[in-house]
Amino acid sequence: MARPEAAYEAAVPPRPACTYTSCYCEENVWKLCDYIRSQDRYPLEEFYAVFISNDRRMIPLWKQKSGHGDEPVVWDYHVILLHVSSGEQNFIYDLDTVLPFPCPFDVYSVEAFRSDDSLRPEFHRNIRMIQADLYLKTFASDRSHMKDVNGKWQKPPPPYPCIETADSKMNLDDFISMNPEVGWGSVFSLSDFVHQFGSQTDYSYSLEGQ
């Protein structure tokens with residue numbers, strides 16, 4: 001019998017063909033959601049934008065392209081796409097990882113998330129999940145967070161126009177916030193997120209600090 005991930009068909013093109021701008025992960029994921037909506041291969045309601053951050057905006061992630069060896073990269077936040085599949089395994093799409101694209105959830109959990117148990121409390125991670133259709137309707141960014149005090153770009157912006165809605169030109173902070181009273185979607189601890197969406201195999205068991 002083939003492994004579940006062997007039969008899985010990716011919802012988006014191969015990584016090199018995806019719309020991507022370094023350091024604009026929130027927009028990269030928005031573009032993935034937009035592509036999935038346009039293709040109608042999978043139901044859009046199976047997909048979620050996943051913001052990873054915490055109150056101090058210091059979250060370590062492993063297996064990132066900008067990392068060195070086995071050292072984590074500490075982001076202020078990061079955004080990935082979750083596919084809650086009808087199969088035995090859920091999948092993560094992360095355009096900034098060296099892991100497969102898409103990556104089985106349990107593999108990503110062990111390799112990229114690892115566990116909060118071995119981290120100091122200020123590095124513990126929280127998750128905000130927003131259903132893809134809601135993310136497409138509500139997210140807006142004028143990219144001002146990527147400009148320095150002199151108004152110069154810290155990283156080159158995407159070539160396409162800023163994403164905005166009828167109600168907002170900039171609400172990124174509401175998505176990065178891990179206050180459940182703010183913004184859209186649902187907020188989880190990392191361990192609750194992994195417990196809910198992992199397949200409860202030996203992979204997820206190993207995250208419990210064993």
Hey, are the side chains of [X] and [Y] touching, using non-hydrogen atoms and a 4.5 Å cut-off?
{"X": "Pro60", "Y": "Val73", "value": "no"}
{"X": "Val194", "Y": "Phe188", "value": "no"}
{"X": "Asn28", "Y": "Cys18", "value": "no"}
{"X": "Phe175", "Y": "Thr138", "value": "yes"}
{"X": "Ile163", "Y": "Glu26", "value": "no"}
{"X": "Phe91", "Y": "Pro104", "value": "yes"}

Donor-acceptor contact below 3.5 Å, side chain [X] vs main chain [Y]:
{"X": "Asp142", "Y": "Met170", "answer": "no"}
{"X": "Asp116", "Y": "Ser191", "answer": "no"}
{"X": "Asn54", "Y": "Glu122", "answer": "yes"}
{"X": "Ser109", "Y": "Phe105", "answer": "yes"}
{"X": "Arg128", "Y": "Trp184", "answer": "yes"}
{"X": "Arg41", "Y": "Ala10", "answer": "yes"}

Among the clusters formed by ILVMFWY side chains lying less than 4.5 Å apart, do [X] and [Y] turn up in the same one?
{"X": "Met129", "Y": "Ile80", "answer": "yes"}
{"X": "Val187", "Y": "Phe123", "answer": "no"}
{"X": "Ile52", "Y": "Trp62", "answer": "no"}
{"X": "Met58", "Y": "Ile127", "answer": "no"}
{"X": "Leu134", "Y": "Leu81", "answer": "yes"}

Can you check side chain to side chain contact (heavy atoms under 4.5 Å, CB included) on Ser199 and Glu88, steps first, answer last? CA-CA 7 Å; Ser199 61; Glu88 296 179 38; over 6 Å; no
Hey, what do you get for [atom1] ([X]) to [atom2] ([Y]), rounding to the nearest 0.5 Å?
{"X": "Asp174", "Y": "Phe139", "atom1": "CG", "atom2": "CZ", "value": "11.0 Å"}
{"X": "Leu61", "Y": "Trp75", "atom1": "CG", "atom2": "CH2", "value": "8.5 Å"}
{"X": "Asn171", "Y": "Ser177", "atom1": "CG", "atom2": "OG", "value": "12.0 Å"}
{"X": "Phe197", "Y": "Asp106", "atom1": "CZ", "atom2": "CG", "value": "13.0 Å"}
{"X": "Thr97", "Y": "Ile92", "atom1": "OG1", "atom2": "CD1", "value": "10.0 Å"}
{"X": "Asn179", "Y": "Asp173", "atom1": "CG", "atom2": "CG", "value": "12.5 Å"}

What are the two closest heavy atoms between [X] and [Y], and how far apart are they?
{"X": "Pro13", "Y": "Ala17", "result": "CB-CB, 3.8 Å"}
{"X": "Leu44", "Y": "Ala132", "result": "CD1-CB, 3.7 Å"}
{"X": "Cys25", "Y": "Asp96", "result": "CB-OD2, 4.0 Å"}
{"X": "Pro157", "Y": "Thr21", "result": "C-CG2, 4.0 Å"}

If you look only at pairs with a residue in residues 148-167, which of them pass as a side chain to side chain donor-acceptor pair (under 3.5 Å), with sequence neighbours excluded?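 Sorted result for residues 148-167: Glu27-Tyr160, Glu164-Lys169.
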Got a sec, which pairs hit side chain to side chain donor-acceptor pair (under 3.5 Å) with one end in residues 29-40, sequence neighbours left out?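 Pairs touching residues 29-40 that pass the test: Asp34-Arg37.
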Which of these passes side chain to side chain donor-acceptor pair (under 3.5 Å) with Asp94: Lys63, Arg15, Gln64?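 So the option named by the test is Gln64.
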Can you list everything that forms a side chain to side chain contact (heavy atoms under 4.5 Å, CB included) with [X]? Sequence neighbours excluded, please.
{"X": "Ser85", "answer": "Tyr8, His83, Asn90"}
{"X": "Asp76", "answer": "Arg57"}
{"X": "Pro156", "answer": "none"}
{"X": "Glu45", "answer": "Pro43, Gln131"}

Do the numbers put Lys65 on top of the ring of Tyr20, so that NZ or CZ is under 6.0 Å from the six-membered ring centre and no more than 45° off the axis?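 Yes - Lys65 lies over the ring of Tyr20, closer than 6.0 Å to its centre and within 45° of its axis.
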Phe51 vs Tyr135 aromatic rings, parallel, tilted or perpendicular, using cut-offs 30° and 60°?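 Answer is perpendicular, since the angle exceeds 60°.
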Verify side chain to side chain contact (heavy atoms under 4.5 Å, CB included) between Leu119 and Arg114, making sure each step is shown before the conclusion. CA-CA 10 Å; Leu119 300 175; Arg114 304 205 177 175; over 6 Å; no
Would you check, one step at a time, whether the test ring pair (Phe, Tyr, Trp, His ring centres under 6.0 Å) holds for Tyr108 with Tyr93? CA-CA 10 Å; Tyr108 193 92; Tyr93 293 79; over 10 Å; no
When Leu95 is tested against each of Val79, Thr19, Leu32 for side-chain contact (heavy atoms from CB on, under 4.5 Å), which residue passes?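 With Leu95 as partner, Val79, Thr19, Leu32 yield a single side-chain contact (heavy atoms from CB on, under 4.5 Å), made by Leu32.
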Could you go through Asn126 and Ser53, starting from their C-alpha distance and side-chain angles, then the distance that decides it, and tell me whether this counts as side chain to side chain contact (heavy atoms under 4.5 Å, CB included)? CA-CA 6 Å; Asn126 293 110; Ser53 193; over 6 Å; no
